[in-house]
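The structure appears below as structure tokens.
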Amino acid sequence: TTLDWMVVLMAFGKQTRENVASQDARKALDRVPASDGLTHVMLFRSFGQAFHGSVGGADTKYNDQVNQVLVELQQAGLAILNVQTVPVPNQGVMGGDRYDTLITYR
């Protein structure tokens with residue numbers, strides 16, 4: 001049915017987003033200093049989904065991406081100290097929001 005295909009496409013989309021975020025995080029980690037006890041920052045820019053499905057709903061596309069970046073940083077032995085996000089509306093394809101996320105880590 002149509003609903004079954006939508007569920008499959010959504011699951012595929014989530015896996016794709018996580019894979020892309022994981023690859024991006026690993027590229028960024030190549031430039032991150034080894035854990036040295038000092039505080040560092042990383043600006044992570046991503047685009048959210050164009051329509052959330054409901055007013056006030058979570059932006060699952062953005063959540064998947066930034067969570068994967070945080071996981072990769074932590075798996076590299078870095079401690080996340082703070083995460084700040086600034087939404088920039090209507091910057092993506094079909095009106096999706098852009099998010100600038102500043103990750104402070106040690």
Side-chain angles (χ1 to χ4, degrees):
T1 66
T2 302
L3 182 58
D4 292 336
W5 277 107
M6 289 176 63
V7 169
V8 168
L9 289 174
M10 286 173 29
F12 178 74
K14 179 178 180 175
Q15 185 64 45
T16 300
R17 286 192 302 272
E18 288 175 349
N19 288 341
V20 168
S22 183
Q23 291 170 8
D24 288 345
R26 283 193 291 270
K27 285 180 198 173
L29 281 170
D30 289 342
R31 296 182 187 97
V32 169
S35 184
D36 57 10
L38 300 176
T39 301
H40 301 275
V41 295
M42 172 190 293
L43 179 64
F44 176 73
R45 181 169 286 159
S46 63
F47 290 91
Q49 59 197 41
F51 180 68
H52 310 296
S54 65
V55 175
D59 190 326
T60 55
K61 180 179 178 186
Y62 169 75
N63 290 344
D64 291 344
Q65 292 169 346
V66 77
N67 280 325
Q68 191 61 40
V69 169
L70 294 172
V71 165
E72 295 286 336
L73 289 169
Q74 292 174 89
Q75 287 178 341
L78 302 168
I80 306 301
L81 303 176
N82 193 15
V83 179
Q84 298 174 315
T85 302
V86 175
V88 183
N90 302 315
Q91 296 293 307
V93 176
M94 298 177 63
D97 295 340
R98 185 184 86 211
Y99 296 94
D100 294 340
T101 304
L102 184 66
I103 301 170
T104 307
Y105 62 92
R106 180 173 309 149

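- Through direct or relayed side-chain contacts under 4.5 Å between Ile, Leu, Val, Met, Phe, Trp and Tyr, V71 connects to no other residue.
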Discussion item. L70 vs V83, test: side chain to side chain contact (heavy atoms under 4.5 Å, CB included). Steps then yes/no.
Written reply: CA-CA 9 Å; L70 294 172; V83 179; 3.9 Å; yes

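- Residue pairs meeting the ring pair (Phe, Tyr, Trp, His ring centres under 6.0 Å) criterion with at least one member in residues 19-40, sequence neighbours excluded: H40-Y105.
- Under a 4.5 Å side-chain heavy-atom cut-off, the cluster of Ile, Leu, Val, Met, Phe, Trp and Tyr residues that includes V86 has no other member.
- Remark: R45 engages D100 in a salt bridge (charged side-chain N to carboxylate O under 4.0 Å, His left out) (not counting sequence neighbours).
- Between the OG1 atom of T104 and the CG atom of L78 there is a distance of 12.5 Å, given to the nearest 0.5 Å.
- Side-chain heavy atoms closer than 4.5 Å link hydrophobic residues (I, L, V, M, F, W, Y) into clusters, and following such links, even through other members, never connects V69 to L102.
- The stretch residues 74-83 participates, sequence neighbours left out, in no side-chain hydrogen bond (donor to acceptor under 3.5 Å, both in side chains) pair at all.
- A distance of 11.5 Å separates CE in M42 from OG1 in T101, rounded to the nearest 0.5 Å.
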Discussion item. Applying side chain to side chain contact (heavy atoms under 4.5 Å, CB included) to I80 and R106, what does each step give before you reach the verdict?
Written reply: CA-CA 7 Å; I80 306 301; R106 180 173 309 149; over 6 Å; no

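- The side-chain heavy atoms of Y99 and V88, taken from C-beta on, include no pair separated by under 4.5 Å.
- The stretch residues 72-91 participates, sequence neighbours left out, in these salt bridge (Lys or Arg N to Asp or Glu O under 4.0 Å) pairs: R26-E72.
- Taking CG of D59 as the reference point, atom OG1 of T85 lies at 10.5 Å (rounded to 0.5 Å).
- Of all heavy-atom pairs spanning G77 and S35, the tightest one is O-OG, 3.9 Å.
- Side chains of D97 and Y62: a donor-acceptor N/O pair is absent below 3.5 angstrom, by distance only.
- To the nearest 0.5 Å, atoms NZ (K61) and CG (N63) are separated by 12.5 Å.
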Item to complete: For side chain to side chain contact (heavy atoms under 4.5 Å, CB included), just list the numbers for T39 and L81, CA-CA rounded to whole Å, side-chain angles, deciding distance to a tenth of an Å, and then say yes or no.
Response: CA-CA 9 Å; T39 301; L81 303 176; 3.9 Å; yes

